[in-house]
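Here's the structure, in C-alpha cells; my notes come after.
What you see is a predicted model; the values in this text were computed from it and never measured.
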Amino acid sequence: MKIKAKTCDENFLEEIKRNFDTKYIDLYRNFDKKGIQELFNDELVYDIEHEFEYLELFDTKSFSDLFTNNIKKTYESLKFLTPVQASREEFWFTMINTIYLDYLLSYLKTVSNRKDFGQKIKNSIFYNTSITKAQTMQRISRYWWLGYKTYDEKNVSNPYWLTEYFFEYDGSSKIISFFSSNLTNNKDIALGIIEGIKNKDDKIINNRWTYLTMNKYFNAMGGVRIIDIMTREEIKKETTKYIDSIIENPELLSVEDRKRIIKN
C-alpha cells in the first residue's frame with residue numbers, strides 16, 4: 001500500500017515537547033489512539049511529496065528477527081530519504097504518531113509495567129538526547145539509521161548481509177554502544193569494522209564487547225591518524241589485524257575482556 005510520508009512544523013513539535021508531561025503524556029499512558037489521532041489532525045502536520053510502500057512492523061519476534069525484519073522494512077520503504085532529511089526529528093516524530101501509530105502503541109503495551117515507562121514513551125517518539133544517540137533510540141528513526149549504516153550496496157545479491165550478521169547475536173545491546181559513537185557516523189567505518197569482525201568470526205564473539213573493543217582501538221588510533229579518510233577496505237584490514245594481534249597477544253586485554261570476546 002503506497003501512502004504519503006508526513007512531517008510537521010517545528011513549532012508543533014516544540015509545543016508538544018515543552019508541555020508533554022503536563023498535557024500529552026496520558027494519551028500514551030492510556031494507549032489513546034483516537035486522542036493521538038485528533039492531536040495530529042492539525043494544519044501544522046502535513047504530507048510531503050514522497051510516496052512510499054508502507055510495510056507493517058513487529059515487536060513480537062526474537063531480537064534478531066525483530067531488528068532484521070523491521071530494519072529491512074523501514075529502510076526499503078523510506079530509502080528515498082537522504083541522511084540530512086533523516087536527521088530531522090520532526091519527520092520521525094510525525095511518522096511514529098501517524099502512519100506507524102499502531103506499531104508505537106503495540107510496543108508501548110509491552111513496556112507499560114516498567115518503572116521507566118514515561119521515559120520509554122519519550123524515547124520512542126522524540127529525540128531526547130544527542131542526535132547521534134537519539135537516531136538509534138527513537139522507535140522508527142532507529143530502523144532507518146541502522147539500515148542505512150549496515151546496508152552494503154556493493155553486495156548486490158544481499159545488501160543486508162552485514163545487517164543480518166550484526167543482529168545475529170546480542171544485537172540490541174550493541175546498538176547504542178556501537179552506533180551512537182561519532183566514529184560510526186561514517187558509514188564506511190561502520191561497515192569496515194563489522195566486515196572485519198565477521199571475517200574473524202571463528203576466533204572472536206559477535207557481541208557488544210567486541211564492538212566496544214574495536215571502538216576503543218580506532219578512537220585511540222584517531223590520536224595519530226585521521227580515521228575519516230581511511231577507506232572501508234583499510235578499516236576492515238585494520239580490524240582483522242587488531243583481532244589477530246589480541247588473539248596472539250591476549251595480554252593486550254584484561255582477563256575479563258578476553259573471556260568476553262575471544263572464542264575458546
Legend entry - Partners passing salt bridge (Lys or Arg N to Asp or Glu O under 4.0 Å) against E256 (at least two apart in sequence or in another chain): R260
Inset, instruction - Could you tell me whether a side-chain N or O of S245 sits under 3.5 Å from a main-chain N or O of K241, the two making a donor and an acceptor? - result: no
Inset, instruction - Output all residues satisfying side-chain contact (heavy atoms from CB on, under 4.5 Å) with K236, sequence neighbours left out; order by chain, then residue number. - result: E195, N199, E233
Inset, instruction - Check the pair E168, K198 against salt bridge (Lys or Arg N to Asp or Glu O under 4.0 Å), reporting the backbone distance first and the verdict last. - result: CA-CA 11 Å; E168 184 177 71; K198 189 177 190 311; over 6 Å; no
Inset, instruction - State whether the side chain of K203 and the backbone N or O of K263 hold a donor-acceptor pair below 3.5 Å, judged by distance alone. - result: no
Legend entry - side-chain contact (heavy atoms from CB on, under 4.5 Å) partners of K174, counting only residues at least two apart: F166, D170, N206, R208, Y211
Legend entry - Non-neighbouring partners of K237 that pass salt bridge (Lys or Arg N to Asp or Glu O under 4.0 Å), sequence neighbours left out: none
Legend entry - T94 side chain to E90 backbone, donor-acceptor under 3.5 Å: yes
Inset, instruction - Please identify each residue that fulfils salt bridge (Lys or Arg N to Asp or Glu O under 4.0 Å) with K23, with sequence neighbours left out. - result: E15
Legend entry - Under 3.5 Å side-chain donor-acceptor pair for N158 and E164: yes
Legend entry - Inter-residue atom distance F52.CZ - F80.CZ, 0.5 Å rounding: 7.0 Å
Inset, instruction - Quick one: closest heavy-atom pair of L183 and I193, and the distance? - result: CD2-CD1, 4.2 Å
Legend entry - Pairs flagged by ring-ring contact (aromatic ring centres under 6.0 Å, His included) wherever residues 100-124 is involved - sequence neighbours left out: Y54-Y100
Inset, instruction - Spell out, as yes or no, whether a donor-acceptor pair under 3.5 Å connects the side chain of T74 to the backbone of Y143. - result: no
Inset, instruction - For N155 and W161, indicate whether the former's side chain and the latter's backbone hold a donor-acceptor pair under 3.5 Å. - result: no
Inset, instruction - Quick one: closest heavy-atom pair of N97 and Y28, and the distance? - result: OD1-OH, 2.5 Å
Inset, instruction - Given salt bridge (Lys or Arg N to Asp or Glu O under 4.0 Å), test D152 with K187 step by step and report yes or no. - result: CA-CA 10 Å; D152 184 5; K187 179 172 176 172; over 6 Å; no
Inset, instruction - Give the minimum heavy-atom separation between Y151 and E76, together with the two atoms involved. - result: CE1-OE2, 3.8 Å
Legend entry - Within one Ile-Leu-Val-Met-Phe-Trp-Tyr cluster: Y169 and L162, side-chain cutoff 4.5 Å: no
Legend entry - Hydrophobic cluster membership, L81 vs L55, 4.5 Å side-chain cutoff: no
Run the side-chain donor-acceptor check on residues 34-47: report pairs under 3.5 Å with partners two or more places apart or on a different chain.
residue	atom	partner	partner atom	Å
D42	OD1	L44	N	2.7
D47	OD1	K6	NZ	2.8

Legend entry - Pairs where residues 130-148 contributes a residue and the test salt bridge (charged side-chain N to carboxylate O under 4.0 Å, His left out) is met, not counting sequence neighbours: D59-R139
Inset, instruction - Not counting sequence neighbours, which residues clear side-chain contact (heavy atoms from CB on, under 4.5 Å) with K216? List them please. - result: none
Inset, instruction - Give the minimum heavy-atom separation between S124 and L108, together with the two atoms involved. - result: OG-CD2, 4.2 Å
Legend entry - Exam field: side chain E234 to backbone T231, donor-acceptor pair closer than 3.5 Å: yes
Inset, instruction - Determine whether L252 and Y217 fall in the same hydrophobic cluster, where Ile, Leu, Val, Met, Phe, Trp and Tyr are linked whenever their side-chain heavy atoms lie under 4.5 Å apart. - result: yes
Legend entry - Side chain T210, main chain I205, donor-acceptor under 3.5 Å: yes
Legend entry - Residue pair A86 / W144: nearest heavy atoms and the distance that separates them: CB-CZ3, 3.4 Å
Legend entry - Residue list, side-chain contact (heavy atoms from CB on, under 4.5 Å) with T213, at least two apart or on another chain: Y242, L253, I261
Inset, instruction - Indicate yes or no: does D188 engage K149 in a salt bridge with an N to O separation below 4.0 Å. - result: no
Inset, instruction - For the pair S77 (side chain) and E53 (backbone), establish whether a donor and an acceptor sit closer than 3.5 Å, ignoring hydrogens and angles. - result: yes
Inset, instruction - Spell out, as yes or no, whether a donor-acceptor pair under 3.5 Å connects the side chain of E51 to the backbone of A5. - result: no
Inset, instruction - Identify the two heavy atoms, one from T136 and one from S180, that lie closest to each other, and give their separation to 0.1 Å. - result: OG1-CB, 4.4 Å
Inset, instruction - List, by chain and number, the other hydrophobic cluster members for V84, where Ile, Leu, Val, Met, Phe, Trp and Tyr join if side-chain heavy atoms come within less than 4.5 Å, directly or indirectly. - result: none
Inset, instruction - If you link ILVMFWY side chains whenever their heavy atoms are less than 4.5 Å apart, which other residues fall into the same cluster as I229? By chain and number, please. - result: I226
